[in-house]
Amino acid sequence: MVKKVLPIVYKIFQYLVCIFLTIMCILPFLIMVVNSTRSSGEIESHAISLIPSSYFMNNLAILNDKSFNAMTGFFNSAIISVGVTACTVYFSTMTAFAIVAYDWKLRNAFFSMIMCVLMIPATVTSIGFYKFMYSIGMTNNFAALILPSIAAPSTVFFMRQFMLSSLPMEILQSARIDGAGEFRIFNQIALPMMKPAMATQAIFAFVQSWNNLFLPMILLTDKTKYTMPIMVSQLSGDIYRTEYGAVYLGLLLTVLPLFAIYFLLSKYIIAGVALGGVKE
Amino acid sequence: MKRKYIKGISNAKYGYMFSLPFIITFLIFSLYPTIYTALLGFTDCQGAGNDEWHILEEPLANFKLVLTNGTFVRAIFNTVRIWIMNFIPQITLAMVLTAWFTTKRNAIKGQGFFKVVFYMPNIITAATIAILFQALFGYPTGPINDLLVSSGILESSYDFSVDKTASRWTVAFIQFWTWYGYTMIILVSGVLGINPDIYEAADIDGANGVQTFFQITLPNLKTILLYTLITSLIGGLNMFDIPYLYLGGGPDQATNTANVFIYKQAFTGRNFYNRAAAASMVMFVLICLCSLAVFYVMRDKEAAEFKKMKKLEQKAASKNRLGARNVW
């Protein structure tokens with residue numbers, strides 16, 4: 001009897017834990033969504049409620065009054081993230097192609113160097129970076145955030161692994177015999193074959209850039225250049241101290257694009273995370 | 001038509017050409033700032049517009065200062081402490097979930113859904129999460145206090161942002177909450193990469209779930225576990241958004257992490273670029289050491305095995321010689 005009951009109890013326990021974790025993951029966002037429609041008074045008297053109220057537009061007006069310009073932030077973030085994604089994916093594929101498709105003297109040394117700098121985050125060199133950008137007048141310039149992404153070691157590493165397994169050299173050779181130039185071979189033959197890997201990397205590059213706070217916060221001091229995360233960071237300031245509903249709404253506005261991306265692409269994102277972990 | 005021949009002979013130049021954008025960008029935006037940061041650490045530079053800085057008479061003064069005045073060292077310890085407080089529960093939960101999600105017998109239904117949900121916090125802007133939790137842990141009327149009081153767990157609201165330990169735990173909890181899904185997915189993919197024949201053999205030998213987990217899954221996951229540990233440590237050393245935005249490094253510097261310290265030194269108050277640069281370089285060295293460890297863990301396994309074999313052979317050979325002598 002016990003032998004039969006025990007596995008069932010264990011199974012129920014497993015489901016309970018999973019459901020608890022699900023609630024833990026979703027509840028904060030749910031509270032955020034619901035509270036963005038409630039007035040500060042309502043939130044103060046009862047902070048948790050699952051019933052939306054009717055103060056959404058009111059909260060929006062408060063945000064606009066306090067110069068939380070979601071549209072500006074959205075566009076700035078979008079410009080930077082799209083630029084970063086394009087640069088990261090295109091040039092990383094190109095660099096990986098140089099490593100995989102050609103035999104050159106410094107190839108192995110170059111790849112070892114990429115492996116060495118793979119883990120070093122941009123934040124530790126931010127002081128020199130900022131001072132350098134300041135001295136050439138590139139603060140408040142999106143290019144200072146976009147151009148560095150041309151050299152993205154981890155993406156190069158990933159693209160190389162993918163290319164080694166799925167870019168047949170014979171095809172490149174036959175294109176060469178047909179008289180295609182090397183740039184054409186890269187752009188019209190290699191690039192289309194790398195599409196699945198590029199898509200995965202594009203998602204991650206986009207999200208990472210969208211979420212980046214440290215460097216944009218240092219570099220962008222002009223209010224019209226603020227990105228979404230910088231705008232969010234302003235929400236903890238004193239002017240929002242009692243505007244609970246507006247804070248929740250501001251938070252909601254910043255994550256809407258991410259929610260959209262995640263619900264559309266979650267399958268690919270999770271597959272991409274899984275791929276990144278098995279580096280063999 | 002002449003070009004074709006040239007191409008055939010010196011293909012190598014395209015290798016250089018295609019990697020040129022990467023190399024140039026790296027030199028300008030990574031290497032130069034790194035060297036520049038290192039250099040600033042030896043100077044009296046304050047403020048961005050200040051171009052009249054000099055190498056100090058005692059070049060290591062900034063390094064000595066940040067390493068001895070306590071705040072920075074405490075910040076490093078805070079960073080590591082908060083990281084450990086988040087990593088141990090995180091890896092434990094991720095392992096348990098991995099075990100549950102990879103059993104063949106009587107598997108959990110809806111795994112796809114759970115994975116999507118558990119990973120979700122990881123994709124949301126850290127800044128947003130910090131402010132969201134600031135609101136959730138709000139005192140006296142935040143949602144969490146509301147929940148705790150109305151459900152009778154607490155009699156009156158608790159201010160999470162005053163007590164040092166409580167504030168560290170909340171920051172660690174937020175980190176845990178954002179990362180356990182990610183770690184789980186990595187570990188699950190690691191387990192799925194283990195040769196299924198081994199599991200089948202274990203099954204035939206009559207191993208139960210617990211035995212299989214400890215005797216097969218865990219040893220085979222060792223590399224990936226180490227990789228997760230070290231990359232998480234590097235990420236942890238870099239912690240900025242959440243401690244900075246959630247409590248601004250407080251209360252009483254309890255959540256002041258290394259990056260928060262660097263940011264505050266350089267970009268607030270008197271703009272001590274030199275001290276921030278020195279602190280950055282200390283972090284740079286620490287992270288380089290961690291990343292060397294990754295490099296060592298992830299290095300070509302076969303090459304390492306080959307070296308090991310050779311060593312063993314040599315040992316065996318020398319032993320044999322000794323043995324032979326004894327016989328004589």
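Naming convention: chains lettered A, B, ... in sequence-line order (proteins, then strands); numbering from 1 in each chain.
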Exercise. Heavy-atom pairs under 4.5 Å with chain B are the metric here; pick the option from A:Ile19, A:Ile127, A:Leu106 that has the most.
Key: A:Ile127
Exercise. Kindly check if the number of other-residue, nucleotide or ligand heavy atoms within 6.0 Å of CZ (B:Phe173) is above 12?
Key: yes
Quiz item: Where does A:Leu27 contact chain B at under 4.5 Å (heavy atoms): side chain, backbone, both or neither?
Solution: neither
Self-check item: Leading residue by heavy atom contact count with chain A [cutoff under 4.5 Å; candidates B:Phe29, B:Tyr32, B:Phe267, B:Trp100]
Solution: B:Trp100
Exercise. Grab the two heavy atoms, one from B:Ser291 and one from A:Cys116, that are nearest each other, plus how far apart they are.
Key: OG-O, 3.8 Å
Quiz item: Can you find a pair of side-chain heavy atoms, one from B:Ile28 and one from A:Leu147, that are under 4.5 Å apart?
Solution: no
Exercise. For residues A:Ala98 and B:Phe18, report the shortest heavy-atom separation together with the two atoms involved.
Key: CB-CB, 3.4 Å
Practice problem: Apply the test side-chain contact (heavy atoms from CB on, under 4.5 Å) to residues B:Tyr180 and A:Cys25: give CA-CA distance (whole Å), side-chain angles for both, the deciding distance (0.1 Å), then the verdict. | Solution: CA-CA 11 Å; B:Tyr180 80 90; A:Cys25 280; 3.3 Å; yes
Quiz item: Is the closest side-chain heavy-atom distance between B:Ile287 and A:Pro121 below 4.5 Å?
Solution: yes
Practice problem: Can you tell which part of B:Leu237 gets under 4.5 Å to a heavy atom of chain A, answering side chain, backbone, both or neither? | Solution: neither
Quiz prompt | Exercise: identify the closest heavy-atom pair between B:Cys45 and A:Lys131 | solution = SG-CE, 3.2 Å
Self-check item: Heavy-atom pair count under 4.5 Å with chain B, highest-scoring of A:Tyr130, A:Phe97, A:Phe204
Solution: A:Tyr130
Quiz item: Of the listed residues (A:Val117, A:Val247, A:Val100, A:Asn35), which shares the most heavy-atom pairs with chain B below a 4.5 Å separation?
Solution: A:Val117
Exercise. Output the option from A:Met32, A:Lys11, A:Arg107, A:Met115 having the highest count of non-hydrogen pairs under 4.5 Å with chain B.
Key: A:Lys11
Quiz item: Can A:Tyr102 and B:Lys13 be said to form a side-chain contact (heavy atoms from CB on, under 4.5 Å), step by step?
Solution: CA-CA 8 Å; A:Tyr102 300 104; B:Lys13 82 170 186 217; over 6 Å; no
Exercise. Verify whether the ring centers belonging to B:Phe22 and A:Phe110 lie closer than 6.0 Å.
Key: yes
Quiz item: Which bit of A:Ala152 is near chain B, if near means a heavy-atom gap under 4.5 Å: side chain, backbone, both or neither?
Solution: backbone
Quiz item: So, do A:Phe214 and B:Asn238 sit near enough that their side-chain heavy atoms are less than 4.5 Å apart?
Solution: no
Quiz item: Looking at B:Pro143, B:Gly248, B:Pro21, B:Gly138, which one has more heavy-atom pairs under 4.5 Å with chain A than the rest?
Solution: B:Pro143
Self-check item: Interchain contact, A:Met133 with chain B, by part (heavy-atom threshold 4.5 Å)
Solution: side chain
Quiz item: Which region of A:Met113, side chain (C-beta onward) or backbone (N, CA, C, O), has a non-hydrogen atom less than 4.5 Å from a non-hydrogen atom of chain B, or is it both or neither?
Solution: side chain
Exercise. Please check if the side chain of A:Tyr15 supplies one atom and the backbone of B:Lys109 the other of a donor-acceptor pair under 3.5 Å.
Key: yes
Exercise. With the side chain counted from C-beta on, respond yes when B:Phe101 and A:Cys18 share a heavy-atom pair under 4.5 Å apart, and no when they do not.
Key: yes
Practice problem: Could you look at A:Tyr10 and say if it's the side chain, the backbone, both or neither that has a heavy atom under 4.5 Å from chain B? | Solution: side chain
Exercise. Answer with side chain, backbone, both or neither: which region of A:Ile99 has an atom nearer than 4.5 Å to a non-hydrogen atom of chain B?
Key: neither
Quiz item: For the candidates B:Phe284, B:Trp177, B:Phe26, which exhibits the highest count of non-hydrogen atom pairs separated by less than 4.5 Å from chain A?
Solution: B:Trp177
Quiz item: Hey, do the aromatic rings of A:Phe132 and B:Tyr36 have their centres closer than 6.0 Å?
Solution: no
Quiz item: Taking side chain as C-beta onward, heavy atoms only, is A:Phe111 less than 4.5 Å from B:Ser19?
Solution: no
Practice problem: Kindly indicate, with the supporting measurements, whether the criterion side-chain contact (heavy atoms from CB on, under 4.5 Å) is fulfilled by A:Phe91 and B:Thr25. | Solution: CA-CA 10 Å; A:Phe91 287 104; B:Thr25 311; over 6 Å; no
Quiz prompt | chain A contact via B:Leu97 - which portion, at a heavy-atom distance below 4.5 Å | solution = side chain
Quiz item: Taking every heavy-atom pair that is under 4.5 Å apart, which of A:Ser233, A:Pro28, A:Ala144 has the most such pairs with chain B?
Solution: A:Pro28
Exercise. Report the distance from atom CG of B:Asp241 to atom CG of A:Asn212, rounding to the nearest 0.5 Å.
Key: 7.5 Å
Quiz item: Are the side chain of B:Thr37 and the backbone N or O of A:Gly128 linked by a donor-acceptor pair below 3.5 Å?
Solution: yes
Name the atoms and distances for all side-chain donor-acceptor pairs under 3.5 Å in residues 113-131 of chain B, with sequence neighbours left out.
residue: B:Tyr119; atom: OH; partner: B:Asn122; partner atom: OD1; Å: 3.3
residue: B:Asn122; atom: ND2; partner: B:Thr178; partner atom: O; Å: 3.0
residue: B:Thr125; atom: OG1; partner: A:Asn211; partner atom: OD1; Å: 2.7
residue: B:Thr128; atom: OG1; partner: A:Thr254; partner atom: OG1; Å: 3.2

Quiz item: Does the side chain of A:Phe183 come within less than 4.5 Å of B:Met17's, by heavy atoms?
Solution: yes
Quiz item: Do the side chains of A:Thr123 and B:Tyr263 get nearer than 4.5 Å, heavy atoms only?
Solution: no
Exercise. Nearest 0.5 Å please: distance from the OG1 atom of A:Thr125 over to the CG atom of B:Leu40.
Key: 11.5 Å
Self-check item: Derivation and outcome, side-chain contact (heavy atoms from CB on, under 4.5 Å), residues A:Tyr248 and B:Leu132
Solution: CA-CA 7 Å; A:Tyr248 285 111; B:Leu132 177 59; 4.1 Å; yes
Quiz item: So do the side chains of B:Leu245 and A:Leu213 get within less than 4.5 Å of each other, counting heavy atoms only?
Solution: yes
Quiz item: If you tally heavy-atom pairs under 4.5 Å against chain B, which of A:Val17, A:Ile31, A:Asp103, A:Thr22 wins?
Solution: A:Thr22
